[in-house]
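Numbering of residues begins at 1 and proceeds along the displayed sequence.
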Amino acid sequence: MRNKLMKRIALLLSVAVMSVSVVACGGGKGDAEQGETTLTEEEYEAKAQELGEKLNSAMTDASSIDPNDVDAAKEFIAGLKDPFIEFGSLKAPEKYAAAHEKFKSGCDAMVEYLDMMVSAMDTGDIDMEKMTSLITTIQNDFTEGASMLE
């Protein structure tokens, strides 16, 4: 079961990395503060790029986790939530507002999915229907959000 969970993590991360890299293609400069302040287009692009970089780094880190080390896997999964929470909470500029709503929905679904994975590691119970639904939401929302930017 643990190997299946690790494979799911890798699959989900690869989908998220591919999806987020589309929004990050504009590059951008600067550091943005999250919260109530609406970001400039450049700041938003930089945050999207940052999320993509964090996910790419996580993919590298995931390969070094022993699939039998449940605590390390849980810690890794918990750490994955932060970039999605941060990106989802951004206040996008008007140009990206509609796409960001899709990204936010995908980020929220990703956080819920990661929480379910940790819970499954603790209890051994997996709601495959819910997890599959979340994966579909994540894929669709990131893909739709990315297509809104083209």
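Residues passing the side chain to side chain contact (heavy atoms under 4.5 Å, CB included) test with Val111 are Lys81, Phe84, Ile85, Asp115, sequence neighbours excluded. A search for side chain to side chain donor-acceptor pair (under 3.5 Å) contacts involving Asp71 returns nothing, not counting sequence neighbours. Taking Ala78 as the reference, nothing meets the side chain to side chain contact (heavy atoms under 4.5 Å, CB included) condition, with sequence neighbours excluded. Taking Lys104 as the reference, Asp108 meet the salt bridge (Lys or Arg N to Asp or Glu O under 4.0 Å) condition, with sequence neighbours excluded. Partners of Asp141 under the side chain to side chain contact (heavy atoms under 4.5 Å, CB included) rule, at least two apart in sequence or in another chain, are Lys102, Ser105, Thr137. Applying the side chain to side chain contact (heavy atoms under 4.5 Å, CB included) test to Lys95 and every residue at least two apart in sequence or in another chain returns Glu41.
Between the CD1 atom in Ile65 and the CZ atom in Phe76 there is a gap of 5.0 Å [rounded to 0.5 Å]. Between the CG atom in Leu90 and the OG1 atom in Thr37 there is a gap of 11.0 Å [rounded to 0.5 Å]. To the nearest 0.5 Å, the span separating CE on Met116 from CG on Asp127 amounts to 4.5 Å. Residue Leu51 holds its CG atom at 8.5 Å from CD of Glu86, rounded to the nearest 0.5 Å. The line from OG1 of Thr38 to OH of Tyr96 is 14.5 Å long, rounded to the nearest 0.5 Å. Taking OG1 from Thr136 and CE from Met131, the interatomic distance works out to 12.0 Å, rounded to the nearest 0.5 Å.
A salt bridge does not link Lys47 to Glu43: none of the charged nitrogens lies less than 4.0 Å from a carboxylate oxygen.
Judged purely by distance below 3.5 Å, without hydrogens or angles, the side chains of Glu45 and Gln49 never pair a donor atom with an acceptor atom.
Within the 4.5 Å cutoff, the side chain of Leu39 has no heavy atoms near those of the Lys91 side chain.
Looking only at distances, no side-chain donor or acceptor of Thr143 sits under 3.5 Å from a matching main-chain atom of Asn140. Checked by atom type and distance alone, the side chain of Thr132 pairs as donor or acceptor with a backbone atom of Met128 at under 3.5 Å. Remark: side-chain polar atoms of Ser64 are paired, donor with acceptor, to backbone N or O of Asp61 under 3.5 angstrom.
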Practice task
Apply side-chain contact (heavy atoms from CB on, under 4.5 Å) to Met117 and Lys74, showing your working.
Solution key: CA-CA 8 Å; Met117 290 189 70; Lys74 287 180 359 184; over 6 Å; no
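What you find for Cys107 and Gly88 is that their closest heavy atoms are SG-N, 4.1 Å. When all heavy atoms of Ala99 and Gly145 are compared, the closest pair comes out as CB-O, 3.4 Å.
Note: Tyr44 and His100 have perpendicular aromatic rings, judged against thresholds of 30 and 60 degrees for the angle between ring planes.
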